[in-house]
Amino acid sequence: MNGTPPLATPPAPLRASRAVVAWLLVALAWGLATLPGAVDRPLTRASEARAWAVARTMVESGDWVLPRYQGEARLKKPPLQSWVQAAVMSVAGRTDVALAGLGTWLVGLLFAAGPLLLGRAVGRHNEGLLGSLLLCASRAAVTWGASPEHDVPFAAWTGLSFAALARALAPTGRPRDVGVAALACGAAVLTKGPFALAFVPGTALVLRARADTRGPLRGRVFWPVLLGGAVLPALLWLGAVAARHGSVAAVFTEMATQASGSEGAHTKPFPTSLVYHLGAWAKACLPWSPLALLAAAHLGVLRRRGLARDDGPTLLVPAVAAGVVFVVLTATPAKQEHYVLPLLAPAALAVAHGLGRVGAAVPRAARALPVAMLVVGLAYAGSRWWPLRGQPFPVGVSWPAVVAVGLLSALVAWRSLPLAAFVVAAALGLSGACDAARGLAEEDYRASARASELAGDGSVRLVGFARGGGEAFDTLVAWLPGAYERVRSVEALTDALARPGPVAVLVRVSDLADLGGAAAALTRRGTLAPARPGSDRDRVAWFARAR
């Protein structure tokens, strides 16, 4: 050893009361930040609509083996989170979208605790708590914390796996730690696919390549347990799919299409693709990313001056985990903002470490940082509230009251980074409620009344025409009681129109020129669009059969 701090010291005994308080603080901050904006949230993204519809179909059909969407098997996303959402719906006796979001929120508690668990595993208890509170008071939590999408649960399981892996590689590591890391990785695979197999075993491979970070477990114990446990849940599900569907080839085909971005939906041009997730990380970590960059720069200066010495255990495990996740995401052709969520647990711990080290080294910073966090956090919360001006405030209080509470809290929190983060989490929750209220007031796409108008009493067949994936209308048709017919060619549309009975046709405006001769048989009735459509891909023309 060269005198560097250990990878992870054996966790110091932590009084049960302190551990319980830490968990309660994280759970409360998570609830304050995410739940207010989740009540009757609008469907603003097609991925939300699809996740909700899949879970709802499981409850209605009783088939929990094959995820289905609009009557077709949807195998690109494994079913673990759909099972959680369907279970919540079954217990509640309803299938509305808020319950699908509640299923995500429940697993998301583990996502919020990711930095806490990781900090505990590497001997950084206080920094882990602060990291979790920062994560709760971030744009990522408010945006995805109660969304029906599966990205927060995926990040929750990978975060737990990283924490267990850190314990396994510590000097006191045990086989059960590897088992927990393996099963958590397997849960991540069964939630969103094989990315987790690159994240967790990749991190383990890098760390075990070093003699001083291998831990006491030999390879013949470590690798079979880690890899076996990571793939076991997926293998069990694939066996059930093979028994029901006759083949598992469609699973791998759909996942490969999703990861490669071969349909063009998620790809980014070079060289943007090389730096995309740097920007996605900074955006997801708002409002803390600017403070994190300033703290990192300040730490660099202090270390050159010999003023920021830190003899505690290193953050090698979270650093390697973050690096592996970033490299894998950057190397993958498909790019989407929420793919970065598994990076946030180690990143939040790193941000907490940086802020804490600056505060410890500079007394003035120790006094100024909590107030700076409150000012930056409240300013960000206010920016989310500002578009709602002129509309009734949904929770019965005014924004000046929130600011006043925040300023009063600053008097209490001026020496407490965790309390400052906690106050920001509450403010973001109120602004999240504003966001939801604005979406409900403006969003046309999700209106069930419009869906009823399209479908009438159920006797009207609904046909959607779109080139490519055919998923252009998801946020609208999710509100329909039954499935609609998706067609991808003019010939298929002509065949659908040839059948007797009333029919309504949805055509993405960008695809109108492709209707060809089928346009002569249709009468345009109107256009459906969200309040702020980005392009003609977001606008849908509504037709009926010409009489």
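Along the sequence shown, residues carry numbers from 1.
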For Trp105, which residues count as a side chain to side chain donor-acceptor pair (under 3.5 Å) partner, sequence neighbours excluded? Thr34

Taking ring pair (Phe, Tyr, Trp, His ring centres under 6.0 Å) as the definition, give me every residue that meets it alongside Trp157, ordered by chain and number, with sequence neighbours left out. none

Working to the nearest 0.5 angstrom, can you tell me the gap between Thr330 OG1 and His277 NE2? 6.5 Å

In this structure, CZ of Phe111 is separated from CG of Leu117 (nearest 0.5 Å) by 12.5 Å

Can you name the residues that form a side chain to side chain donor-acceptor pair (under 3.5 Å) with Thr203, not counting sequence neighbours? none

Using modelled atom types and a 3.5 Å cut-off, is there a donor and acceptor pairing between side-chain atoms of Glu485 and backbone atoms of Arg461? no

Among residues at least two apart in sequence or on other chains, which ones pass side-chain contact (heavy atoms from CB on, under 4.5 Å) with Leu197? Cys185, Val189, Pro194, Ala230, Val231

Sequence neighbours excluded, which residues qualify as side-chain contact (heavy atoms from CB on, under 4.5 Å) partners of Ala348? Pro115, Leu135

If you round to the nearest 0.5 Å, how far is OH of Tyr276 from CD of Gln336? 7.0 Å

Non-neighbouring partners of Ser47 that pass side chain to side chain donor-acceptor pair (under 3.5 Å), sequence neighbours left out: Glu149

Regarding Arg56 and the six-membered ring of Trp52, is the cationic atom NZ or CZ under 6.0 Å from the ring centre and inside 45° of its axis? yes

Please lay out, stage by stage, how Asp511 and Arg508 fare under the test salt bridge (charged side-chain N to carboxylate O under 4.0 Å, His left out). CA-CA 5 Å; Asp511 293 333; Arg508 194 166 51 192; 3.1 Å; yes

Taking the inter-plane angle between the rings of Phe199 and Phe154 on a 0 to 90° scale, is it parallel (under 30°), tilted (30 to 60°) or perpendicular (over 60°)? tilted

When you measure from the side chain of Ser132 to the backbone of Ala112, do you find a donor-acceptor pair of N or O atoms at a distance under 3.5 Å? yes

Which is it for Arg68 and Glu60 under the salt bridge (charged side-chain N to carboxylate O under 4.0 Å, His left out) test, yes or no, and what are the steps along the way? CA-CA 11 Å; Arg68 294 186 181 276; Glu60 294 172 349; over 6 Å; no

Tell me whether the count of non-hydrogen atoms from other residues, nucleotides or ligands lying under 6.0 Å of CZ in Arg220 goes above 12. no

